[in-house]
Amino acid sequence: MRNLLSAGMFRLLKSKLLYVALGASILLEVYTLLPERDRLRLLAIPLEKAVFAYPLFIVLIVPSFCGLFFGAEYGSGTLRNKVAAGIAKRDIYLTNLLVAMGVAMVLTLASLLTGLALGLFFQGEFQNEPAEVVAYVICSLGVALAISSFSITVTMLISNRAVSLLAAVMTSLALLFVGQFLIQALLEPEFTRPTERFVENGMVSYIVDMDAPEGPNPYYIGGIQRLLYQFLLYFLPQGQCFQIAFLGLERPELCLGGTGLFLVLTTTLGLALFHKKDIK
């Protein structure tokens with residue numbers, strides 16, 4: 001497995017895809033920070049609010065990279081030759097997983113360092129406690145590891161490179177919408193005041209009646225359904241990335257626990273199915 005890993009790293013460093021993914025990660029971080037330049041300096045918004053947006057695009061860049069880089073092994077016959085040479089499928093799968101995790105960590109750290117450099121240049125300052133900032137960094141690295149496991153699971157189980165790329169990216173994108181739905185649903189308060197609808201110059205607006213008593217919010221999610229939503233939010237990397245980007249990470253230990261569970265389940269499932277897969 002050590003030889004496989006060395007060969008994989010050598011191929012990775014020679015691949016243009018790595019540097020394209022790295023450039024995309026850095027440029028997207030710059031793109032998200034530039035609009036915050038004046039607010040960082042003049043309004044003194046927290047630097048962490050501008051920096052930690054990168055997990056939202058890491059969960060799309062990593063599946064794209066894995067679909068293109070590892071999916072090529074099917075089309076070129078490299079994967080078939082490895083199996084024919086007597087290399088265990090488990091070693092092939094785990095090697096690709098480790099390489100993918102390394103790439104995801106590099107992309108995450110590159111985005112983070114770019115954000116920090118630009119944010120400090122724009123005179124931004126951290127307002128959270130150092131331990132909280134470190135927790136966000138660690139959890140963002142956890143998101144990188146989890147999305148790597150997800151991407152390898154999809155890529156190694158689909159022989160067609162184009163199909164595996166599309167499946168990995170589109171599934172991750174769909175789960176991003178699921179994550180957004182989950183966090184919006186969980187942010188609904190249990191009690192709320194009624195709102196009044198106003199129409200002025202053709203524009204519709206809603207104003208909260210502050211004099212009215214609070215009543216039950218019909219959109220509040222409670223009971224077992226709330227527990228299920230919370231579990232999915234901490235379990236899915238596409239849910240965790242919203243908590244990090246919106247600075248809503250109240251329980252970092254649950255985030256890391258969800259990452260660990262996601263890694264175990266996706267890796268176990270991927271290994272089991274890949275072991276049974278007929279490599280033609």
What is the minimum heavy-atom distance between [X] and [Y], and which atoms define it?
{"X": "G67", "Y": "R161", "result": "O-CG, 3.6 Å"}
{"X": "Y234", "Y": "E250", "result": "OH-N, 4.4 Å"}
{"X": "P55", "Y": "F52", "result": "CD-O, 3.3 Å"}

Quiz item: Among the clusters formed by ILVMFWY side chains lying less than 4.5 Å apart, do L113 and L28 turn up in the same one?
Solution: no

Quiz item: If two hydrophobic side chains count as joined below 4.5 Å and joins carry through other members, does L186 share a cluster with L227?
Solution: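 Different clusters: L186 never reaches L227 through Ile, Leu, Val, Met, Phe, Trp or Tyr contacts under 4.5 Å.
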
Practice problem: Check side-chain hydrogen bond (donor to acceptor under 3.5 Å, both in side chains) between E29 and all other residues, then give those that pass, not counting sequence neighbours. | Solution: none

Practice problem: Please round to the nearest 0.5 Å and tell me the distance separating atom CZ of F235 and atom CG of L182. | Solution: 12.5 Å

Quiz item: Looking at CG of L165 and OG1 of T155, how far apart are the two atoms once the value is rounded to the nearest 0.5 Å?
Solution: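 Answer rounded to 0.5 Å: 8.0 Å.
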
Quiz prompt | Check against side-chain contact (heavy atoms from CB on, under 4.5 Å), F69 and R11 | solution = CA-CA 10 Å; F69 184 79; R11 175 174 166 244; 3.4 Å; yes

Exercise. Report the residues that fulfil side chain to side chain contact (heavy atoms under 4.5 Å, CB included) with A110, sequence neighbours left out, ordered by chain and then residue number.
Key: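 Once residues adjacent in sequence are excluded, the partners of A110 under the side chain to side chain contact (heavy atoms under 4.5 Å, CB included) criterion are L22, I26.
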
Quiz item: F70 vs F65 aromatic rings, parallel, tilted or perpendicular, using cut-offs 30° and 60°?
Solution: perpendicular

Exercise. For the pair F242 and F246, name the ring-plane relationship: parallel under 30°, tilted 30 to 60°, perpendicular over 60°.
Key: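 Tilted.
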
Quiz item: Do V62 and F150 come close enough that some side-chain heavy atom pair is under 4.5 Å?
Solution: no

Practice problem: Answer yes or no: is there a side-chain heavy-atom contact under 4.5 Å between F57 and L176? | Solution: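 No, every pair of side-chain atoms sits at 4.5 Å or beyond.
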
Quiz item: Are the ring centres of Y229 and F181 closer than 6.0 Å?
Solution: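 Here the rings of F181 and Y229 have centres that are less than 6.0 Å from each other.
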
Quiz item: Side chains of T108 and Y54: do they bring a donor and an acceptor to under 3.5 Å?
Solution: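 On atom types as modelled, these side chains do not qualify, holding no pair under 3.5 Å.
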
Quiz prompt | Flag if over 12 foreign heavy atoms under 6.0 Å of CZ, F177 | solution = no

